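Scope of the values below: all heavy atoms of this structure, side chains included, with no hydrogens, waters or symmetry mates. None of the values given here were measured: they were computed from a predicted structure.
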Amino acid sequence: MTLTADVPIVEAQVQPQLRLALATLCVTEVVSWGVTYYAFPVLLSAITADTGWSASGASAAFSLGLLVSAVAGVPVGRWLDRFGPRKVMTVGSVLAVIAMVAVASATSLLTFALAWALVGLAMSGVLYPPAFAAVTGWFGAERMRGLLVLTLVAGLSSTVFAPLTAVLVENFSWRTSYLLLTVLLVGTVLLHGWGLRAPWDPTAPSRRSRAQVRHVVRSRGFIVLAVVFTTLALAFYMASLGLVPLLVERGFDHRLAAMTLGLLGAGQLVGRLLYGPVVWSRSSTTGILLVVIIAGGSILGLALLPPVVSLLITGAVLFGAARGAFTLLQASVVADRWGQQHYGAVAGVFAMPITTATALAPWAAAAVTGVMGSNITMYLVTAAVLGLVGVLYGFSNLGGRH
C-alpha cells in the first residue's frame, strides 16, 4: 500500500528557504550528535574516576537514553508530521540543553540514569530520524541529494567532537566539559527556530490516517524490512565495537588496530558518495542485498583474512562503506516504499527497533564474545547471521516489484 505519491515542494520562491533549512540541519546534526552521543565514550573514564561509578553502570545509563529515544521516536514522528520540523526540533533542542545540564549535575548513578533518559527524549527530536523526515518532506523526489549532503556533513560529528571533548577533559572536569559542550547546544535552539522556516504541509491526525499507518506498519513487507535493518544495525555496531579487540586478538598491535577503526569513518564517506551511482540507481531490494553482502563479507574477511595490512585496510574500508550506505538506505527506504504522507509516523515505528539494536549492541557484543570465547568467533557468528538474513530477504522478494 502506497500512502501517497511524492509531491515535492520545489517552487522557486521557497528554494532559498530549502537551502537554508538543509544548511541548518547540517550544522545542528553535527552538534547534536557530538554533544549527546559522541562525547560520552570520551568522557567515560573521567566520569568513573571522579564518581566511583562502574563503567558498566554509567554505560547502562547511556544505553537507557538510547532506548528511551527509540520508544519516543514513534510519537515524535507523528508530531513531526502534524507540527513540522521547526517546532519539533526546536523543542527537542531546548530539552537537550536541560537534559545535558542534568547529566553534568548528577550526584548519583540513579540521577545520572534519569538524566540520560531525559537526553533520550531530546535525541528523538534532534538526531537523524526527524532530520531525515524534514529533508524527505521538503525535497520530495529530490530528497536523496539532500540526504546525501546531510549525512556527509553530519558524518563529521565524531571527527570534530571526539578530539574536542578530549581537549576539554584534559583541562576541565567531565562536568565542566559537558557544560561547555552544552553551550553549543544552545546554538542549535536558535538555529532550529531561525533556519527551519521552509513551508511544511501538516498532516492532521484522523481515523483514516491512523488506519493507513497501521496498515503499513503491520504489513509483511514492513516487518521483513524492519527485521533486516535491525539485524544490520546490530551487526554494524557489534562489529565496530569489537574491531580493536578482534585485531589485537589476531596479533596486530594496538596502534594499528586503532588506526583501522579510524578507517571505518573514511569507508562511510566512500559508501555515501557511491550510494547514488551504485545503490540508488538500482531497486531498493538490490541495494539492501548489496549492503548485506558487503557487510557480511567484510566482517568475515576481517576475522579470517591473512594478517596482511593491505587486506586489513581493504576490509575496514568495505565495512565502513556498507555502514555509510546503510545510513542512506534507512533514510530513504520508507519514502521509497510507502510514499511521503505520514512519513514521520511510519519512519518513527521503523526506526524504533533499529535504535533499540544500537543501544543493546555493546551488551550483545560482550555477551556473544563471552559465550563463544573470542572476538573472532563473535565476528563469524555475526557474519553468519547476516548471511542468513540476506538469503531469507532475497527469497522473500522473489518476483516482487522492489
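- Scanning both residues, A257 and V244, for their nearest heavy atoms gives O-CG2, 3.8 Å.
- Aromatic ring centres of Y128 and W33 lie closer together than 6.0 Å.
- A side-chain donor-acceptor contact under 3.5 Å links T285 and R337.
- Two rings, from F222 and W338, have their centers less than 6.0 Å apart.
- Between the side chains of T176 and S173, at least one donor N or O lies within less than 3.5 Å of an accepting N or O.
- Listed by first then second residue, pairs satisfying side chain to side chain donor-acceptor pair (under 3.5 Å) with a partner in residues 61-79 number zero, not counting sequence neighbours.
- There is a side-chain donor-acceptor pair under 3.5 Å between T111 and S108.
- Using a 4.5 Å heavy-atom cutoff, the side chains of F139 and L147 are not in contact.
- The two atoms that bring T188 and S32 nearest to each other are CG2-OG, 4.3 Å, heavy atoms only.
- If you check the side chains of T24 and H192, you find no donor sitting under 3.5 Å from an acceptor.
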- Task: Evaluate side-chain contact (heavy atoms from CB on, under 4.5 Å) for R175 paired with V101, printing each intermediate quantity in order.
- Result: CA-CA 9 Å; R175 297 181 189 277; V101 171; over 6 Å; no
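- Looking only at side-chain heavy atoms (C-beta outward), F229 and L329 come within less than 4.5 Å of each other.
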- Step by step, would you call L25 with W138 a side-chain contact (heavy atoms from CB on, under 4.5 Å)? CA-CA 12 Å; L25 288 173; W138 278 323; 4.3 Å; yes
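- Close placement of the Y37 and F62 rings is indicated, their centers lying within 6.0 Å of each other.
- Between A361 and M238, the shortest heavy-atom contact is O-CG, 3.8 Å.
- Looking at heavy atoms from C-beta onward, V149 lies in side-chain contact with C26 at the 4.5 angstrom threshold.
- Between M123 and G65, the shortest heavy-atom distance links the atoms SD-O, 4.5 Å.
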- Please assess F132 against L150 for the test side-chain contact (heavy atoms from CB on, under 4.5 Å), listing each intermediate value before the final yes or no. CA-CA 9 Å; F132 289 162; L150 177 62; 4.1 Å; yes
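- Across A316 and L263, no two heavy atoms sit closer than the pair CB-CB, 4.2 Å.
- Aromatic rings from F40 and W116 are positioned such that their centres are separated by under 6.0 Å.
- Heavy-atom minimum distance, P85 versus A134: CG-CB, 3.5 Å.
- The side chain to side chain contact (heavy atoms under 4.5 Å, CB included) test with V189 is passed by exactly one of V97, V126, V91, L95: V97.
- Judged by distance alone, the side chains of T355 and T358 never bring a donor and an acceptor atom under 3.5 Å apart.
- In this structure, R272 forms no cation-pi arrangement with F326, as its terminal cationic atom is not both closer than 6.0 Å to the ring centre and no more than 45° off the ring axis.
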